[in-house]
Amino acid sequence: MTAFSHFKLWSIGGGKGGVGKSVFTLGLGIALARLGKRVILVDGDLGGANLHTMVGLRYPPHTLEDFLLKKAPRLQDLVLDTPIAGVGLLCGADDMLGAANPTYFQKIRLLRELETLPVDFVLIDLGAGTSFNTLDLFNHSPGRIAVFTGLSTSLQNAYGFIKCALFRKLSREFSRQIEVLQLLYEESAFGDRTTACMDDLLKKIRRAAPEQWFRLAKVIKSYQVYLVTNMVKNDQDMMSAEIIRSVCEDFLNLHTEVLGHVLHDPIAEVAINQMVPSLLYERQNRLATGFTSIAKRILRLSRRLPGSKGPARKEEEQAPVVEVRREA
Ligand SMILES: Nc1ncnc2c1ncn2[C@@H]1O[C@H](COP(=O)(O)OP(=O)(O)OP(=O)(O)O)[C@@H](O)[C@H]1O
Ligand SMILES: [Mg+2]
């Protein structure tokens with residue numbers, strides 16, 4: 001699959017179910033829209049779609065399935081309005097034969113079209129787990145966010161997810177280099193998830209395929225993942241992202257960056273159960289601060305991602321006031 005690089009595509013994964021990937025995608029979308037950006041949320045949980053329910057749409061008239069099964073030629077025509085100004089939605093393909101498990105070419109078509117949507121940001125909410133579909137959507141977004149909570153199982157899953165995504169990326173990049181592929185396969189199939197060390201693997205690859213070693217190290221170096229802790233209740237939870245960051249660095253040689261955190265607030269449950277997404281972003285609640293600060297961070301980052309053209313500029317992101325000092 002060709003690498004797409006465009007600032008607007010961000011995918012939100014994390015491995016574990018129920019950590020708040022969908023809530024985060026929705027909250028981030030609302031925050032970006034409130035900052036003046038046009039946003040489309042994509043339910044990338046193929047086969048288990050529920051983002052539409054969260055935004056208050058019970059029976060979506062169109063879904064990604066119409067595109068994947070070629071019933072609708074243009075993705076743009078399938079974008080639904082939501083109750084949130086500036087936020088559109090592409091509903092997930094739900095439990096229909098074939099659509100939940102798109103072929104390689106269907107995925108390519110989907111990613112190409114997502115890139116061309118006429119908005120500032122496309123946020124893909126991924127399902128739980130580490131299926132190839134999930135990993136491919138994650139890997140082909142220049143903005144990759146892993147969401148987790150402070151629970152140790154969630155941290156373990158988030159690390160496992162990042163590792164699987166990296167190995168999937170490497171095995172696609174080196175799909176024709178059999179020696180490398182073999183070592184990657186052995187590592188991901190038999191390696192201990194928490195103790196496997198990229199340095200050892202790199203050494204083995206250097207011995208088996210010295211000409212590939214440099215390129216491999218380069219791919220790892222350019223692979224970026226951003227970290228978000230959700231449902232933060234205390235200082236210990238706040239440390240979670242730092243733990244993931246250092247484990248990724250120590251064991252995978254991977255540079256990850258902490259994007260921020262979202263506090264725990266029972267209003268999230270009310271928003272979801274009552275299908276009123278705007279509750280996620282009310283001025284007085286504890287969630288909005290996290291979503292806004294992460295949205296602002298993303299606006300800044302979008303400009304330095306590979307291939308970034310930078311989102312349309314609006315008042316809050318116009319050129320910073322530069323203090324010009326005159327030499328004495
Ligand atoms: N910041 C938060 N504070 C309190 N509760 C939260 C928060 N974020 C999410 N939740 C709760 O967690 C539940 C699960 O969230 P969500 O559906 O977004 O998880 P998910 O990671 O998308 O799960 P899945 O992998 O099954 O799609 C929500 O219904 C909500 O009640
Ligand atoms: Mg979800």
Side-chain angles (χ1 to χ4, degrees), residues 10-31 41-57 60 63-64 82 84 87 89-95 100 123-131 133-135 137-138 141 144-151 153-162 164-165 226-234 236-238 240-241 244 259-295:
W10 287 76
S11 58
I12 293 97
K16 194 165 168 59
V19 293
K21 297 179 292 296
S22 302
V23 164
F24 175 75
T25 308
L26 188 50
L28 178 62
I30 302 175
L41 309 178
V42 182
D43 196 335
D45 192 350
L46 304 175
N50 59 12
L51 200 57
H52 58 280
T53 323
M54 292 190 177
V55 300
L57 299 172
T63 70
L64 284 177
T82 73
I84 310 138
V87 179
L89 175 70
L90 275 167
C91 287
D94 207 9
D95 61 27
L123 308 181
I124 310 175
D125 171 30
L126 298 174
T130 53
S131 72
N133 285 336
T134 302
L135 298 179
L137 292 176
F138 190 71
S141 307
R144 306 181 195 99
I145 300 177
V147 176
F148 43 86
T149 69
L151 281 179
T153 46
S154 165
L155 295 184
Q156 232 170 0
N157 281 23
Y159 174 73
F161 174 80
I162 294 170
C164 284
Y226 296 95
L227 309 174
V228 170
T229 320
N230 187 27
M231 304 195 214
V232 168
K233 289 181 181 156
N234 49 42
Q236 200 183 331
D237 291 344
M238 204 83 93
S240 310
I244 301 260
L259 205 54
H261 65 270
V262 178
L263 296 176
H264 183 274
D265 190 327
I267 195 74
E269 197 176 326
V270 180
I272 303 310
N273 285 340
Q274 297 187 0
M275 295 166 62
V276 185
S278 57
L279 288 178
L280 293 176
Y281 201 81
E282 285 189 330
R283 196 176 281 271
Q284 69 274 23
N285 81 28
R286 287 152 57 86
L287 305 169
T289 327
F291 292 140
T292 307
S293 96
I294 292 172

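Counting convention: from 1, in listed order, for ligands and their atoms alike. Note that the numbering runs from 1 along the sequence shown for the chain. Please read all numbers here as calculations on a predicted model, not as lab measurements.
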Name the option, out of [options], that contains the heavy atom nearest to [atom].
{"atom": "atom 5 (N) of ligand 1", "options": "G18, A128, G290, A268", "value": "A268"}
{"atom": "atom 3 (N) of ligand 1", "options": "T229, D265, V19", "value": "D265"}
{"atom": "atom 17 (O) of ligand 1", "options": "H261, E269, K21, M54", "value": "M54"}
{"atom": "atom 10 (N) of ligand 1", "options": "M231, K16, H264, K233", "value": "M231"}

- Message: Please check whether I272 reaches ligand 1 - meaning an N/O of the residue sits under 3.5 Å from an N/O of the ligand, judged on distance alone.
- Response: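 It does not: no N or O of I272 is found under 3.5 Å from an N or O of ligand 1.
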- Message: Can you tell me how far apart OG (S22) and CD1 (I272) are? Round to the nearest 0.5 Å.
- Response: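 With rounding to 0.5 Å, OG (S22) is 8.0 Å from CD1 (I272).
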- Task: Measure the spacing between OG1 of T134 and CG of D45 and express it to the nearest 0.5 Å.
- Result: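 The CG atom of D45 is 7.0 Å from OG1 of T134, to the nearest 0.5 Å.
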Within-4.5 Å side-chain heavy-atom neighbours: [X] and [Y]:
{"X": "Y226", "Y": "I294", "answer": "no"}
{"X": "I84", "Y": "L26", "answer": "yes"}
{"X": "T63", "Y": "D43", "answer": "no"}
{"X": "V87", "Y": "L41", "answer": "yes"}
{"X": "I244", "Y": "I162", "answer": "yes"}

What side-chain donor-acceptor pairs closer than 3.5 Å can you find for residues 261-270, not counting sequence neighbours?
unit_1: D265; atom_1: OD1; unit_2: I267; atom_2: N; d: 2.9
unit_1: D265; atom_1: OD2; unit_2: R286; atom_2: N; d: 2.9

- Message: Quick check on contacts: which atoms of ligand 1 are under 4.0 angstrom from a heavy atom of L287?
- Response: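 That gives atoms 1 (N), 2 (C) of ligand 1.
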- Give the numbers and elements of all ligand 1 atoms closer than 4.0 Å to a heavy atom of G17.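 That gives atoms 23 (O), 25 (O) of ligand 1.
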- Query: Are the side chain of N285 and the backbone N or O of A288 linked by a donor-acceptor pair below 3.5 Å?
  - Reply: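 Checking the backbone N and O of A288 against the side chain of N285, a donor-acceptor pair under 3.5 Å is found.
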- Those residues that, when tested against T25, pass side chain to side chain donor-acceptor pair (under 3.5 Å) (two or more places apart):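 Result, side chain to side chain donor-acceptor pair (under 3.5 Å) vs T25: none returned.
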- Item | ligand 1 contact on N230 by region, counting heavy-atom pairs under 4.0 Å |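 Only the side chain of N230 comes within reach of ligand 1.
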- Message: Against ligand 1, does R286 come closer than 4.0 Å with any heavy atom?
- Response: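 Under 4.0 Å: no for R286.
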- Query: Closer than 4.0 angstrom: is that true for some heavy atom of L263 and an atom of ligand 1?
  - Reply: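 Distance cut 4.0 Å: L263 passes for ligand 1.
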- Item | Ring-ring centroid check F161 F138, cutoff 6.0 Å |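 Between F138 and F161, which both carry aromatic rings, the centre distance is below 6.0 Å.
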- Query: Looking at residues at least two apart in the chain, or sitting in another chain, which of them share a side chain to side chain contact (heavy atoms under 4.5 Å, CB included) with A31?
  - Reply: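 A31 satisfies side chain to side chain contact (heavy atoms under 4.5 Å, CB included) with Y281, F291, A295 once adjacent residues are dropped.
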- Message: I need the nearest protein heavy-atom contact for atom 18 (O) of ligand 1: residue, atom name and distance, please.
- Response: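 Protein heavy atom with the smallest distance to atom 18 (O) of ligand 1: V23 N, 2.8 Å.
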- Could you find the nearest protein heavy atom to atom 15 (O) of ligand 1 and give me its residue, atom name and distance?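 Checking every protein heavy atom, the shortest distance to atom 15 (O) of ligand 1 gives G20 CA, 3.6 Å.
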- Query: Protein N/O/S atoms under 2.8 Å of the Mg ion (ligand 2)?
  - Reply: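 Short answer, with waters excluded from the count: S22 OG.
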